[in-house]
Amino acid sequence: MFRVEINNLSVNAFIGVSLKERKKKQLLKVSLHFKYFVSKNKELDDIKNLKDYSVITKFLKNYIEHTRFKTLEKLVSETIKAISKKFNLKNVKLTINKTTVAKNYGCDSLSVSN
């Protein structure tokens, strides 16, 4: 079994409950973790037999940049659905951190995860 971790991917997205928050993009830090198995008879040096985390990272960034949800909870939920379906992933863990908002409250992070 392999564990893939994509940590603190910088993504600018429109998100927020208030209209003021949604008017300009905010910096989000996104972390995605998942595990997967590769059959023992598969060649591990052939990307066709593996999960291409480069493609997954690009999809994740593009998906979040083009969504317009109000809450992090909805963004986390819908992103997990989309990425799980597209890449046939199970047990996906996603954390999204609103770094700018966290600083406004005097904390290091303000995040939502599943």
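Nothing fancy with the numbering, it's 1 onward along the sequence. Note that the structure is predicted; figures quoted are calculated from it, not measured.
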Do other residues, nucleotides or ligands put more than 12 heavy atoms under 6.0 Å from the [atom1] atom of [X]?
| X | atom1 | answer |
| --- | --- | --- |
| K58 | NZ | no |
| Y53 | OH | no |
| D45 | CG | no |
| K51 | NZ | yes |
| K29 | NZ | yes |

Quick one: does any side-chain atom of [X] pair with a main-chain N or O of [Y] as donor and acceptor, under 3.5 Å?
| X | Y | value |
| --- | --- | --- |
| K61 | S10 | yes |
| E21 | V17 | yes |
| R22 | F14 | no |
| N97 | S31 | no |
| S77 | E73 | no |

Run through I64, T99, N12, L9 and flag the one making a side-chain contact (heavy atoms from CB on, under 4.5 Å) with L28.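 So the option named by the test is I64.
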Taking side-chain contact (heavy atoms from CB on, under 4.5 Å) as the test, write out the residues that go with D46, two or more places apart.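 Per chain and number, D46 pairs via side-chain contact (heavy atoms from CB on, under 4.5 Å) with E43, K48, N49.
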Looking only at non-hydrogen atoms, find the nearest pair between K86 and F59 and report the distance.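 Nearest heavy atoms, K86 then F59: CD-CE1, 3.3 Å.
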Y36-L44 co-clustered via ILVMFWY side chain contacts under 4.5 Å: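 Cluster IDs for Y36 and L44 match.
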Aromatic contact between F87 and F34, with the criterion being ring centroids under 6.0 Å apart: yes or no?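 Here the rings of F34 and F87 have centres that are no less than 6.0 Å from each other.
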When you look at V112 and I96, which way does the side-chain contact (heavy atoms from CB on, under 4.5 Å) test go after all the steps? CA-CA 6 Å; V112 172; I96 300 179; 5.8 Å; no
